[in-house]
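Have a look at the structure below before the remarks.
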Amino acid sequence: MDTNWIINTIGQLANIGDGERGITRLAFSDEERRAKEYAAELMRQAGLSVRFDAIGNVIGRLEGTDSTAKVVLTGSHLDTPPDGGKYDGVVGVVGGLAAIKELMARGPLTLPVELVVFTAEESSRFGYATIGSKVMTGLTNASSWNRVKDQTGLTLKQIVKDSGLNLAEIKGAVRNRDAIQAFVELHIEGGPYLERYRHSIGIVEAIAAPTRLRILIEGQAAHSGSTPMDERKDALVSAAMIVLAVQDIAMEHAHQGTVGTVGIMRVYPNAMNVVPGRVEMGVDIRGVDHASIIDTIQDLKDAISTIADGQDTPISIDVLASEKPVKLDDSIALTVEGVCNDLGLKYSRMPSRAGHDTMNMAKIAPAGLIFIPCHKGISHNIEEYAAPEDIVNGINVLTETLYKLAK
Ligand code: HGY
Ligand code: MN
Ligand code: MN
């Protein structure tokens, strides 16, 4: 395996969308498009046939000896959150191509193998994630995209159209579940456990699902100097109470693997001399235990209702996403486990606390998710780092897993 090519290619991709505080390749941005085109060119150079589907997923294909056979898929994404890191998604795309190149060197496989770069995996732009794999698995269609908006108010429907994609053709990107043998994704853990426990590989058994809320607090803008403290309807004070409620309630459910974050806060009019009249918040609740997620959401709604009454600031909640945790197919996990034993790599079976395209692919085919450690569990941050040795271990495990599935 050409480790230099792998590390250099990760470096090349990092130049696309590289900024002062990190890498930014938002969903449907010019930067994501350039990264996907770069990946498509690498696939062509490797000898794969390459196509873009109707939502912009890039699909590179290596034919097998039995062209009627089901296809073995691998892949990940190249979009990032704002100021993100170099490895999230990239390891699965570059690693997937490195694995396929390795398999090509061994000679023909029976089943065809495809590498997919999924469009718009991150929720950063719309609060709605994994759009490319949702389209590929028939879990979303353009009819609902008028309600999905980015932070400038542009709808997903408009952005897809502006990207030069044809909404009428989106349905054509849905893959036939009978045509897919398996899907396996390689990804950084995005959390601290593999490095902490010194395991080289994580074999994911279940993927946490997000519930995302947009919360609107209506107070009353007022003069910050002349308005008496006991006569204010300060929307930001209510918002601050909600931030602490998310923290406290998620902590109460943390033992069940549930987490909660307020990642977006927009204050209006956001002026030093005006009592905030309106605040818009984004809340992200994740977990692998569905009952715990339901309890967390209910406890939060109760807390918000109490805050609204107590502060006399009406509060509305809009559910942007509400997905169920996904259990992965044990047959793929067992295959990966066997490969780790063959390679003498220490591994642990574990949940994924982040969302991935594998969640959707698992709905139409047996799916697996292979994790490698990332330093101090840092992700969605320019400090995100995966060591070359860990990347190579992950690619070796992916290569042998794909080989067992496709030979
Ligand atoms: O946000 C996530 O769970 C992942 O990074 N898409
Ligand atoms: Mn991510
Ligand atoms: Mn990712």
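Put simply, the side chain of Val135 does not reach to within 4.5 Å of the side chain of Thr119, judged on heavy atoms. Looking only at side-chain heavy atoms (C-beta outward), His223 and Val275 stay at 4.5 Å or farther from each other. Inter-residue side-chain proximity for Leu73 and Met361 is flagged as met; some heavy-atom pair is nearer than 4.5 Å. Under the 4.5 Å side-chain criterion, counting only non-hydrogen atoms from C-beta, Phe183 is not in contact with Glu114. Annotation: side chain of Met281 is not in contact with side chain of Arg214 (no heavy-atom distance under 4.5 Å). Put simply, the side chain of Ile188 reaches to within 4.5 Å of the side chain of Glu384, judged on heavy atoms. Taking the side chain as every heavy atom from C-beta outward, Val283 and Ile285 approach each other to under 4.5 Å. You'll find the side chain of Ile59 reaches within 4.5 Å of the side chain of Arg175, heavy atoms only.
A donor-acceptor contact shorter than 3.5 Å is absent between the side chain of Asp390 and the backbone of Ala386. For the pair Arg44 (side chain) and Ser49 (backbone), a donor-acceptor distance under 3.5 Å is absent. At distances below 3.5 Å, at least one donor-acceptor pair connects side-chain atoms of Lys36 with backbone N or O atoms of Gly56. Judged by distance alone, the side chain of Ser352 and the main-chain N or O of Ala354 form a donor-acceptor pair under 3.5 Å. At distances below 3.5 Å, not a single donor-acceptor pair connects side-chain atoms of Glu400 with backbone N or O atoms of Lys404. Proximity of a side-chain donor or acceptor of Ser305 to a complementary backbone N or O of Lys301 within less than 3.5 Å is not detected.
Between His380 and Asp83, the side chains place no donor N or O within less than 3.5 Å of an acceptor N or O (distance only, hydrogens not considered). Under 3.5 Å, the side chains of Asn57 and Asp53 contain a donor-acceptor pair of N or O atoms. Using modelled atom types and a 3.5 Å distance limit, the side chains of Thr130 and Asn360 yield a donor-acceptor pair. A donor-acceptor pair shorter than 3.5 Å cannot be found between the side chains of Asp289 and His253. Residues Gln158 and Asp162 have side chains that bring a donor and an acceptor to within less than 3.5 angstrom of each other. Residues Thr399 and Glu102 have side chains that never bring a donor and an acceptor to within less than 3.5 angstrom of each other. Looking at Glu337 and Tyr347, their side chains do bring a donor and an acceptor atom within 3.5 Å of each other.
Between the OG atom in Ser224 and the CZ atom in Arg232 there is a gap of 6.5 Å [rounded to 0.5 Å]. Here CD1 of Ile100 is found 4.5 Å from CG of Leu115. Values are rounded to the nearest 0.5 Å. Remark: Ser238 OG to Ile304 CD1 distance equals 10.5 Å, nearest 0.5 Å. Distance check: Ile159 CD1 to Thr152 OG1 gives 6.0 Å after rounding to the nearest 0.5 Å. Rounding to the nearest 0.5 angstrom, the gap separating the CG atom in Asn393 from the CG atom in Leu345 is 4.5 Å.
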side-chain contact (heavy atoms from CB on, under 4.5 Å) evaluation trace for Gln298 with Leu300: CA-CA 5 Å; Gln298 191 50 54; Leu300 182 57; over 6 Å; no
Salt bridge (Lys or Arg N to Asp or Glu O under 4.0 Å) evaluation trace for Glu169 with Lys171: CA-CA 6 Å; Glu169 293 172 359; Lys171 278 204 171 51; over 6 Å; no
Evaluation steps, ring pair (Phe, Tyr, Trp, His ring centres under 6.0 Å), between His199 and Phe371: CA-CA 10 Å; His199 286 181; Phe371 274 167; over 10 Å; no
Check against side-chain contact (heavy atoms from CB on, under 4.5 Å), Gln256 and Val288: CA-CA 8 Å; Gln256 294 161 311; Val288 286; over 6 Å; no
Residue pair Tyr38, Ile16: steps toward the side-chain contact (heavy atoms from CB on, under 4.5 Å) verdict: CA-CA 10 Å; Tyr38 175 67; Ile16 303 174; 4.2 Å; yes
side-chain hydrogen bond (donor to acceptor under 3.5 Å, both in side chains) assessment of Thr258 paired with Ser292: CA-CA 7 Å; Thr258 302; Ser292 171; 2.6 Å; yes
From CA spacing to verdict: side-chain contact (heavy atoms from CB on, under 4.5 Å), Asp234, Thr313: CA-CA 8 Å; Asp234 187 330; Thr313 54; over 6 Å; no
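In this structure, Glu280 does not pair ionically with Lys149, as no charged nitrogen and carboxylate oxygen lie closer than 4.0 Å. By the 4.0 Å N-to-carboxylate-O rule, Lys86 lies too far from Asp18 to be salt-bridged with it. Ion pairing of Arg34 with Glu37 is absent here, as no side-chain N (NZ or NE/NH1/NH2) approaches a carboxylate O to less than 4.0 Å. A salt bridge links Lys134 with Glu323: at least one charged nitrogen is closer than 4.0 Å to a carboxylate oxygen. Look at Arg61 and Glu63 and you find a salt bridge, because one of the NZ, NE, NH1 or NH2 atoms lies within 4.0 Å of a carboxylate O, short of that distance.
Under the side-chain contact (heavy atoms from CB on, under 4.5 Å) rule, Thr401 has a single partner from Asn396, Leu186, Val184, which is Val184. When Glu32, Glu122, Arg25, His356 are each tested for a side-chain contact (heavy atoms from CB on, under 4.5 Å) with His77, only one passes: Glu122. Among Asn146, Asn141, Thr140, the one residue that satisfies the side-chain contact (heavy atoms from CB on, under 4.5 Å) test with Ser143 is Asn141.
Taking each heavy atom of Arg266 and Tyr268 in turn, the nearest pair found is NE-OH, 3.3 Å. The minimum heavy-atom distance between Leu78 and Ala35, with the atom names listed, is CD1-O, 3.5 Å. The minimum heavy-atom distance between Leu194 and Ser348, with the atom names listed, is CD2-OG, 3.5 Å. Contact detail for Asp312 and Lys233: the closest heavy-atom pair is OD2-CE, 3.0 Å. When all heavy atoms of Leu26 and Ser124 are compared, the closest pair comes out as CD2-CB, 4.3 Å. Minimum interatomic distance between Ser200 and Pro373 (heavy atoms only, all atoms of both residues): O-CD, 3.2 Å.
For Arg106, the CZ atom is densely surrounded, since the number of other residues' heavy atoms within 6.0 Å is greater than 12. Annotation for Glu41: atom CD counts as buried by contact number, over 12 foreign heavy atoms lying within 6.0 Å. By the neighbour-count criterion of 12 heavy atoms within 6.0 Å, atom CZ of Phe52 is densely surrounded, having more than that number from other residues, nucleotides or ligands. Sparse packing is recorded around NZ of Lys346, with 12 or fewer heavy atoms of other residues, nucleotides or ligands lying under 6.0 Å away. By the 6.0 Å contact criterion, CZ on Arg147 is open, its count of non-hydrogen atoms from other residues, nucleotides or ligands being 12 or less.
Stacking of Lys376 on the aromatic ring of Tyr385 is not recorded, the 6.0 Å distance cut-off and the 45° axial limit not both being met. Cation-pi geometry between Arg125 and Phe28 is not met at under 6.0 angstrom from the ring centre and within 45 degrees of the axis. Taking the centre and axis of the six-membered ring of Trp145, the NZ or CZ atom of Lys161 falls outside the cone set by 45° and 6.0 Å.
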